[in-house]
Asks: 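Quick one: structure below, then a few questions.
Read the numbers this way: they start at 1 and go in the same order the structure lists the ligands and their atoms. Numbers here simply count residues along the sequence, with the first being 1.
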Amino acid sequence: MPEIAAPRGTRDILPDEFAARKWLLDLHRTVVESFGYRPIETPVVEATELFSRGVGADTDVVDKQMFTFEDRGGRSLTLRPEGTAGALRAVLGAHLDQEIRPVRVHYAGPFFRAERPQAGRQHQFTQVGIECIGDRSPELDVEIIEVAWRFFEALGISGIRLQLNSLGRPGDRARYRTALVAYYTPLEASLCDDCRRRLHTNPLRLLDCKRDAGLVKHAPLLWDSLDVESRDYLTAVMRDLEAAGIDAVRNDRLVRGLDYYSDTVFEFWHDTLHGAQSSLGGGGRYDGLAELLGFPAAQATGYALGVERILMVARDLGTVPSAGAVTDVLVCSVEPAQAENAAGVARLIRRTGTRTVLDVADRRLDRKLRAAGRIGARVAVIIGENEVAGDSAVVRDLDGRSQQTVPASELVATVDRIVRGAT
Ligand code: HAM
C-alpha cells in the first residue's frame, strides 16, 4: 500500500522547527501584551457568510481561495482564511466593547487559503494578529504599526519596508470607483475575464490583477479622490510614525486584497521574500466591517503577520536561536532486569521539575550514554545490579565526565546540583 502523505499545501511541524516557532510566538505575546493586548481564540471554522459579507464576495480570498463545505444540516461552513472578521464577531458578540474601549485582543493560529502552494504560500499557514476595536484615531493606527515594528525588532529582523496608504472613507471610495470605471471602460475588451466582471461589481479589485498589471500602472490614483479630511488623517499617521522612529513609504498602489478596509492600510515587506510573497504581514483600519456583519457600528484597526514567512526571513538573517537541550537527565538501566528500579528513580527526579528521559531498552550501556549526549542531557544516572543491591546509583556528569556512586537518599540532591551547574 502507498504511504499516506500530508495533504497538498500543508506541512508537519517537527520538533526542531517547534523551538523556532515557540521563540516567535512567545516574543509576539510578550510584545503585544506590553501594549495591553489580551489573548483571544476563535473557531477555525466559521459560517461562510462571515467571510463573503466581511472580506467581500469579489475578493480573490473569497472568490477562489476558501475551503468551503456543507455540514450535515446543509449549512455552509468555511475554514477561516483570515482572523479579523472572526475576532470582531467574537468581541462584539460578547459586548466586550461595552466594558472597555477600545478592546485590544491578540491571536495566533492556523488559517487556510486554497492558493497555489509554493515557498511562503501554503494551504494551511499560521498568523499572529492583533485587533483594536471600538475607537478611531491616527494614534491607534500608529500603535498597531508600532506593535508590529517592536515585534520585528525583538526578532532581530532588520530591513523591513513599511508600505502605507489610505483607502479613504466611503465617499472617497465612491469617487475613486467612478474614476476607475471611467479609466477602464474604454479598455474593457482587453481585460481578462475576472477584471471584466469586476469592472461592474467591484472596480477597486481591478487593481489586484496580475494579468492586467500594465493597465494598473496607469490607473488613476486613490490619493486624487481623497477629500481633505482623509488626507489630513493619513498625514497625521505619517507624522506620528516619524515621531515613533518608524520609517514608512507612502505607496499609492497599496489597496490590500480584502474589502473591509477604510483609511489607513499598510504592509510589511522584506526583500528576502520575492514577488507576491514579499509581504510578511499587513493590516489597516476597518471601520465599516461591524455593520457588514450585522453589529452596531464599531471602529477598529489591526494587523496579521505570517509566521512561516517571518521564520523564513529570520532564518535567512540568522536570528533564530539554536534549539536548546530537550532534557537534563537520562536515567538508564544496565540490563533489562533493573528496568523497574530505573523507572522509579526517573519518577523521583522528575518530581523536582527536572526534565528526565528514561532508557531501559535492551542494548549496550555505551549506546545509551551516546544517546544521552545527543538529546543534550547534562547528567546520566546509571542503575545496574550493584546499585540495586546497594540502594544507590551511579551519577555521571556528562560535561565534566566525572562519575560517582551516591546513596539513594542523596541522589536527587546530587543530580540537582549538577544540572544547575552548582558542583
Ligand atoms: P493578509 O494580508 O491577507 O491580512 O494576511 C496577512 C499575512 O498572512 C500575509 O502578509 C502573509 O504573511 C500571511 N499569509 C496570507 N496567506 C498566506 C498563505 N497562503 N501562506 C502563507 N502565509 C500567508 C489578513 O489576513 C488581515 N486579517 C489582516 C488584518 C488584521 N487586517 C486588520 N486586522
Asks: Of the backbone atoms (N, CA, C, O) and the side-chain heavy atoms from C-beta on, which set of Glu308 has a member under 4.0 Å from an atom of ligand 1: side chain, backbone, both, or neither?
Replies: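 It is neither; nothing of Glu308 touches ligand 1.
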Asks: Could Arg136 and Tyr233 be counted as a cation-pi pair, given that NZ or CZ must be under 6.0 Å from the ring centre and within 45° of the axis?
Replies: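 Judged by the rule (NZ or CZ under 6.0 Å from the ring centre, within 45° of its axis), Arg136 counts as positioned above Tyr233.
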Asks: Below a 4.0 angstrom heavy-atom separation, can you tell me which part of Leu258, side chain or backbone, both or neither, approaches ligand 1?
Replies: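 Side chain only; the backbone of Leu258 stays clear of ligand 1.
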Asks: Run the ring-centre check on Tyr183 versus His218 and record whether the distance is less than 6.0 Å.
Replies: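 Ring centroids of Tyr183 and His218 are no less than 6.0 Å from each other.
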Asks: Who's the nearest protein heavy-atom neighbour of atom 18 (C) of ligand 1, and how far?
Replies: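 Protein heavy atom at minimum distance: Phe125 CD2, 3.4 Å.
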Asks: Given Gly54, Gly283, Gly302, Gly306, identify the one with the heavy atom nearest to atom 13 (C) of ligand 1.
Replies: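 When every heavy atom of Gly54, Gly283, Gly302, Gly306 is considered, Gly306 comes closest to atom 13 (C) of ligand 1.
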Asks: Return a yes/no value for Arg256: is any of its N or O atoms, backbone included, closer than 3.5 angstrom to an N or O of ligand 1?
Replies: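 Yes: some nitrogen or oxygen of Arg256 is under 3.5 Å from one in ligand 1.
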Asks: Considering Glu82, Gln65, Arg113, Arg80 one by one, which has a heavy atom nearer to atom 3 (O) of ligand 1 than any of the others?
Replies: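 The option holding the nearest heavy atom is Arg113.
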Asks: Test of understanding: given a 4.0 Å heavy-atom threshold, classify the contact between His123 and ligand 1 as side chain, backbone, both, or neither.
Replies: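 Near ligand 1, His123 shows nothing, with every heavy atom at 4.0 Å or more.
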Asks: For ligand 1, which is the ligand I care about here, please tell me if Thr301 has any N or O atom under 3.5 Å from one of the ligand's N or O atoms.
Replies: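 No: no nitrogen or oxygen of Thr301 is under 3.5 Å from one in ligand 1.
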Asks: Considering only heavy atoms of Glu115, which atoms of ligand 1 have at least one such atom less than 4.0 Å away?
Replies: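 Counting from 1, the qualifying ligand atoms are 16 (N), 17 (C), 18 (C), 19 (N).
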Asks: In this structure, are over 12 heavy atoms from other groups packed under 6.0 Å from Arg231 atom CZ?
Replies: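 Yes, enclosed.
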Asks: Backbone, side chain, both or neither: what part of Tyr261 comes under 4.0 angstrom of ligand 1, heavy atoms only?
Replies: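 The answer is the side chain of Tyr261.
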Asks: Taking distance alone, with N or O pairs closer than 3.5 Å, would you say Gly281 contacts ligand 1?
Replies: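 Yes - when backbone and side-chain N and O of Gly281 are compared with those of ligand 1, one distance drops under 3.5 Å.
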Asks: Ring centres of Phe67 and Phe69 under 6.0 Å apart?
Replies: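 Here the rings of Phe69 and Phe67 have centres that are no less than 6.0 Å from each other.
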Asks: Just heavy atoms, cut-off under 4.0 Å: does Tyr260 contact ligand 1 by side chain, backbone, both, or neither?
Replies: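 For Tyr260, the contact with ligand 1 is made by the side chain alone.
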